[in-house]
Amino acid sequence: MAASGDPGRQWQEEVAEAAVVVVGSCMTDLVSLTSRLSKTGETIHGHKFFIGFGGKGANQCVQAARLGAKTSMVCKVGKDSFGNDYIENLKQNDISTEFTYQTKDAATGAASIIVDNEGQNIIVIVAGANLLLNTEDLRKAASAISRAKVMICQLEVTPATSLEALRIAHSNGVKTLFNPAPAIADLDPEFYTLSDVFCCNESEAEILTGLEVGSPTEAGKAALVLLERGCQVVIITLGAEGCVMLSQTEPVPKHIPTEKVKAVDTTCRPGPRPKSEAVTVRKQKYYK
């Protein structure tokens, strides 16, 4: 089946037209809603449980598709019920699954999520099959990546895999959007030079730069450090405070506020930002 990583002829035209290709993670979310978060060693009652589709990569791909972009997902899930359901979910969102691989060597990635009434959460992820996505898989998907307008990747797959995806995209003139999450302090310098758009949140910016990021002004200072490492555009998201951005052509930090809303669940914050940025880049409103 094409969905399990065996390229099918019926997908060839579709993949060639994909404007946004996402290389990244798929996680099955096991979500429990509670009135409050439990303390260490404490058992409490929840009031609702549901299973959802998550993972930073898949979230970004689905949102880009819903914003109107033709998308393709390069990822790996297990040969299990969660993996089968995930492939079907991608198809239902009109996402090409030609390079959605399945493996017997690990289970589909899963996240156990507890959310309280204030929208705060505790999350434990088991990456599983996500960590088995490798450079050989990317070489098979190179035709899709090289024909895209934008390629997005993150760090819920191995850094080596994301770095190879950036190399393939960059060498073919494809705009790259890198979301360094979860952040690692000793990030390979090549990630910066290969990123046309480098988008992280405040805690990730702190890990990457060693600077405190608690305000738009401090975010601007951290963004300048990241820009000096070779990124073309840097965006630091600040939750309720919006974001700060700058670029090589406009190196003065700019604070963009956002509308205040009541948080329902912060699990996906700041996930939506890279998705919408990708569609903006695809529509050529961001780059001249």
Side-chain angles (χ1 to χ4, degrees), residues 1-8 10-11 14-15 18 20-32 49-66 71-115 121-145 151-165 168 179 181-182 184 265 267-268 271 274-275:
M1 293 175 59
S4 61
D6 179 16
Q10 67 271 25
W11 284 103
E14 179 180 351
V15 173
V20 176
V21 173
V22 178
V23 177
S25 58
C26 294
M27 295 280 188
T28 297
D29 291 340
L30 309 174
V31 185
S32 297
F49 172 80
F50 61 89
I51 299 176
F53 299 101
K56 296 180 186 299
N59 283 347
Q60 292 163 4
C61 195
V62 169
Q63 190 61 41
R66 291 180 179 179
T71 59
S72 179
M73 185 74 199
V74 182
C75 59
K76 185 167 283 187
V77 297
K79 279 203 170 182
D80 50 34
S81 59
F82 284 160
N84 294 338
D85 290 345
Y86 217 114
I87 290 169
E88 184 58 32
N89 177 66
L90 292 174
K91 288 181 177 180
Q92 289 178 3
N93 281 279
D94 296 324
I95 295 168
S96 169
T97 58
E98 178 179 7
F99 300 107
T100 297
Y101 302 94
Q102 284 188 283
T103 178
K104 295 180 179 179
D105 296 330
T108 298
S112 298
I113 304 170
I114 302 173
V115 184
N121 61 62
I122 295 174
I123 306 173
V124 176
I125 68 169
V126 179
N130 290 296
L131 298 182
L132 299 185
L133 184 69
N134 56 45
T135 54
E136 180 60 30
D137 297 325
L138 292 186
R139 292 188 187 101
K140 295 176 184 176
S143 60
I145 296 172
M151 192 284 298
I152 311 174
C153 61
Q154 330 73 30
L155 290 175
E156 280 188 339
V157 297
T158 65
T161 299
S162 289
L163 190 57
E164 181 64 17
I168 293 172
N179 177 212
I184 51 178
D265 178 3
T267 303
C268 290
K275 312 160 194 173

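No experiment lies behind these values; they were computed from the predicted model shown.
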Atom pair [atom1] ([X]) and [atom2] ([Y]), whose distance is rounded to the nearest 0.5 Å:
{"X": "Ile87", "Y": "Lys91", "atom1": "CD1", "atom2": "NZ", "answer": "7.0 Å"}
{"X": "Ile125", "Y": "Ile113", "atom1": "CD1", "atom2": "CD1", "answer": "10.0 Å"}
{"X": "Lys76", "Y": "Asp137", "atom1": "NZ", "atom2": "CG", "answer": "3.5 Å"}
{"X": "Leu138", "Y": "Thr161", "atom1": "CG", "atom2": "OG1", "answer": "6.0 Å"}
{"X": "Ile51", "Y": "Asp85", "atom1": "CD1", "atom2": "CG", "answer": "8.5 Å"}
{"X": "Ser143", "Y": "Ile168", "atom1": "OG", "atom2": "CD1", "answer": "10.0 Å"}

Could you pull out the closest heavy-atom pair between [X] and [Y], with the gap in Å?
{"X": "Gly78", "Y": "Thr108", "result": "N-OG1, 2.9 Å"}
{"X": "Gly24", "Y": "Cys75", "result": "O-CB, 3.2 Å"}
{"X": "Leu132", "Y": "Ala106", "result": "CD1-CB, 3.7 Å"}
{"X": "Phe49", "Y": "Val31", "result": "CD1-O, 3.1 Å"}
{"X": "Ala129", "Y": "Thr103", "result": "CB-CG2, 3.8 Å"}
{"X": "Thr158", "Y": "Leu131", "result": "CG2-O, 3.5 Å"}

Quick one: does [X]'s side chain get under 4.5 Å of [Y]'s, heavy atoms only?
{"X": "Leu90", "Y": "Phe53", "value": "no"}
{"X": "Gln154", "Y": "Ser162", "value": "no"}
{"X": "Asn130", "Y": "Glu156", "value": "no"}
{"X": "Val23", "Y": "Leu133", "value": "yes"}
{"X": "Tyr86", "Y": "Thr97", "value": "no"}
{"X": "Phe50", "Y": "Asp29", "value": "no"}
{"X": "Met73", "Y": "Val62", "value": "no"}

Review point. Do Asn134 and Glu164 have a side chain donor and acceptor closer than 3.5 Å?
Key: no

Review point. Counting N and O atoms only, with roles assigned by atom type, does the side chain of Ser96 sit under 3.5 Å from a partner on the main chain of Ser72, one being a donor and the other an acceptor?
Key: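 Checked: no pair found.
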
Exercise for review: Check whether any side-chain N or O of Tyr101 sits under 3.5 Å from a backbone N or O of Val74 as a donor-acceptor pair, and report yes or no.
Suggested key: no

Point to revise | side chain to side chain contact (heavy atoms under 4.5 Å, CB included) partners for Gln92, two or more places apart | key: Glu88

Check your understanding: Should Gln102 and Asn84 be marked as a side chain to side chain contact (heavy atoms under 4.5 Å, CB included) after you check the CA-CA gap, both sets of side-chain angles, and the distance that decides it?
Key -> CA-CA 9 Å; Gln102 284 188 283; Asn84 294 338; 3.0 Å; yes

Exercise for review: Could you point out which residue of Asp94, Thr71, Asn93 forms a side-chain hydrogen bond (donor to acceptor under 3.5 Å, both in side chains) with Arg66?
Suggested key: Asn93

**Study point:** Any pair counted as salt bridge (charged side-chain N to carboxylate O under 4.0 Å, His left out), so long as it reaches residues 124-134, sequence neighbours left out
**Key:**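 Qualifying pairs, neighbours excluded: none.
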
